[in-house]
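Excluded from the calculations below are hydrogen atoms, water molecules and symmetry mates; all remaining heavy atoms, backbone and side chain alike, are included. Here is how names work: the chains are called A, B, and so on, in the same order as the sequence lines, proteins then strands, and each is numbered from 1.
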Amino acid sequence: MEKDTGMFERIYRLVSKVPEGSVATYGQIALMVGHPRAARMVGFAMGRAPEGLPCHRIVNRLGAMAPGDVFGGSGFQRRLLEDEGVTFREDGRIDMERHRWDGTDGD
DNA sequence: CGTCTGACGATGC
DNA sequence: GGCATCGCCAGAC
């Protein structure tokens, strides 16, 4: 495997292995890369994430995301997730307990 | 090397 | 249960 050019590389790789119909939280990703308190870095990395990265599957612990125009708008992200089979609650948040990524990429 | 910051998280009120 | 503050870590200046 290529060496980690920084945590970003790990984050991107980890996020890219999140299966469809599942979502992961920033904190969860941070924990997986070995930095349980670096949730901010994950979000920061997402903002600089390259195209092709399913960053729409990465949400905060509330199952929501930035209220602003990040990632083309939260509504855009929601539509993508719904298209993958992700369901939302009446709150407008993702049903985390149901779609939270287990960390297992199918192996 | 000091300071700021950023798609967060937990805690306090 | 929503808003404010502190804490975290690593990159940019």
* Which listed nucleotide (B:dA10, B:dC8, B:dA7) is nearest to the side chain of A:Cys55? -> B:dA7
* Euclidean distance for P, C:dC13 against B:dA7 (whole angstrom) -> 16 Å
* Measure the shortest side-chain to side-chain distance between A:Met96 and A:Trp101 over non-hydrogen atoms and say whether it is less than 4.5 angstrom. => no
* Nearest-nucleotide pick for A:Tyr26, side chain only, options being C:dA10, B:dG9, C:dG7 -> B:dG9
* To do: Send over the distance from A:Arg48 CZ to B:dC8 P, rounded to a whole Å.
  => 12 Å
* Cation-aromatic face contact A:Arg48/A:Phe44, 6.0 Å, 45 degrees -> yes
* **Among C:dA10, C:dG7, B:dA10, the one nearest A:Arg40 by side-chain distance** => C:dG7
* Structure fact -> Heavy-atom nearest pair, A:Asn60 first then A:Thr25, reads O-CG2, 3.9 Å
* Round to a whole Å and report the spacing from CZ of A:Arg100 to C1' of B:dG9. => 14 Å
* To do: For the residue pair A:Ile11 and A:Met46, establish whether any side-chain heavy-atom pair is separated by less than 4.5 Å.
  => yes
* Scan A:Gly47 against the nucleic acid and name what it touches under 4.0 Å (heavy atoms): base, sugar-phosphate only, or nothing. => base
* C:dA10 phosphate, OP1 or OP2: any side-chain N/O from A:His35 under 4.0 angstrom? -> yes
* Asked: In the structure shown, which nucleotide is the Watson-Crick or G-U wobble counterpart of B:dT3, with both distances under 3.5 Å?
  -> C:dA12
* Kindly point out which of C:dC8, B:dA7, B:dG9 is positioned nearest to the side chain of A:Met46? => B:dA7
* Structure fact -> Taking for A:Phe44 and for A:Val59 the nucleotide of DNA chain B with the nearest heavy atom, the one nearer the 5' end belongs to A:Phe44
